[in-house]
Amino acid sequence: QVQLVESGGGLVQAGESLRLSCAPSTRPFSNHAMGWFRQAPGKEREFVAAISWSGGSTTYADSVKGRFTISRDNAKNMVYLQMNSLKPEDTAVYYCAAPSSYTASLLTNEYEYDYWGQGTQVTVSS
């Protein structure tokens, strides 16, 4: 069974930064598109950012554009989400996700992803 493991969450003040990491624990995902989603209390899970298998293409939700950066290191089999200028409304559980097969597309819909991590909590205080 494929597992994705997120880390790097925590409690920060508004304006500060965090970097989330995602590592597949069972097999490499170096040829898969990857994505980050988040879910705040009482809200549906929403798309945050996605990256192509090569890392050459990325896309972001409007709410995080210019503040968050998704990246990957295929040699280390890692995907990252650098979050700067954090706001209280960024508070959520953040999930890493991967599709089950190769795609050249950037995936922004959660139903396009097959594997999910357990999530890491990010809390931003005002």
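All heavy atoms count here, side chains included; hydrogens, waters and symmetry mates do not.
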Q) Would you call the rings of Phe68 and Tyr94 parallel, tilted or perpendicular, where under 30° means parallel and over 60° means perpendicular? A) tilted
Q) Can you name the nearest heavy-atom pair linking Ser17 to Ser85, along with the distance? A) OG-N, 4.2 Å
(Q) Once side chain to side chain donor-acceptor pair (under 3.5 Å) is applied, do any residues pair with Gln82, and if so which ones, sequence neighbours excluded? (A) Asn84
**Q.** Spacing of Asn74 atom CG and Met34 atom CE [to the nearest 0.5 Å]
**A.** 9.5 Å
(Q) Clusters formed by hydrophobic residues whose side-chain heavy atoms approach within less than 4.5 Å: which one holds Met78, and what are its other members? (A) Tyr80
**Q.** Minimal non-hydrogen separation, Leu18 against Gly8, with atom names
**A.** CD2-O, 3.7 Å
Q.
Could you work out, with salt bridge (Lys or Arg N to Asp or Glu O under 4.0 Å) as the rule, every residue matching Glu46, not counting sequence neighbours?
A. Arg38
**Q.** N/O donor-acceptor pair under 3.5 Å between Gln118 side chain and Val5 backbone
**A.** no
Q: Identify the two heavy atoms, one from Glu16 and one from Val12, that lie closest to each other, and give their separation to 0.1 Å.
A: OE1-CB, 3.3 Å
Q.
Ignoring hydrogens, what is the shortest heavy-atom contact between Pro88 and Ser126? Give both atom names and the distance.
A. CG-CB, 3.8 Å
Q: Go through the structure and list residues passing salt bridge (Lys or Arg N to Asp or Glu O under 4.0 Å) with Lys65, not counting sequence neighbours.
A: Asp62
Q: Hydrophobic side-chain clustering at under 4.5 Å (ILVMFWY, transitive links): who's grouped with Tyr102? Put none if nobody.
A: Trp53
Q | Heavy-atom pair of closest approach, residues Ala40 and Thr91 | A | CB-O, 3.6 Å
Q) Leu4 and Ala98: which non-hydrogen atoms are nearest, and at how many Å? A) CD1-N, 3.8 Å
**Q.** Single-linkage hydrophobic cluster Leu86~Tyr60, side-chain heavy atoms < 4.5 angstrom
**A.** yes
Q: Report yes if some heavy atom in the side chain of Tyr95 is under 4.5 Å from a heavy atom in the side chain of Glu110; otherwise report no.
A: no
Q.
Between Leu20 and Glu6, does the side chain to side chain contact (heavy atoms under 4.5 Å, CB included) criterion hold? Intermediate values first, please.
A. CA-CA 7 Å; Leu20 305 183; Glu6 304 99 334; over 6 Å; no
Q: State which residues pass ring pair (Phe, Tyr, Trp, His ring centres under 6.0 Å) with Phe37; sequence neighbours excluded, sorted by chain then number.
A: Phe47, Tyr113, Trp116
Q.
Could you go through Met83 and Val122, starting from their C-alpha distance and side-chain angles, then the distance that decides it, and tell me whether this counts as side chain to side chain contact (heavy atoms under 4.5 Å, CB included)?
A. CA-CA 10 Å; Met83 306 185 295; Val122 172; 3.8 Å; yes
(Q) Checking the side chain of Arg72 only, and the main-chain atoms of Gly55 only, is there a donor and an acceptor separated by less than 3.5 Å? (A) no
**Q.** Spacing of CG belonging to Asn31 relative to OG1 belonging to Thr103, to within rounding of 0.5 Å
**A.** 11.0 Å
(Q) Checking the side chain of Asn77 only, and the main-chain atoms of Phe29 only, is there a donor and an acceptor separated by less than 3.5 Å? (A) yes
(Q) What's the separation between atom OG in Ser105 and atom CD in Glu112, rounded to the nearest 0.5 Å? (A) 8.0 Å
Q: Keeping the roles fixed (side chain from Ser52, backbone from Leu106), state whether a donor-acceptor pair exists under 3.5 Å.
A: no
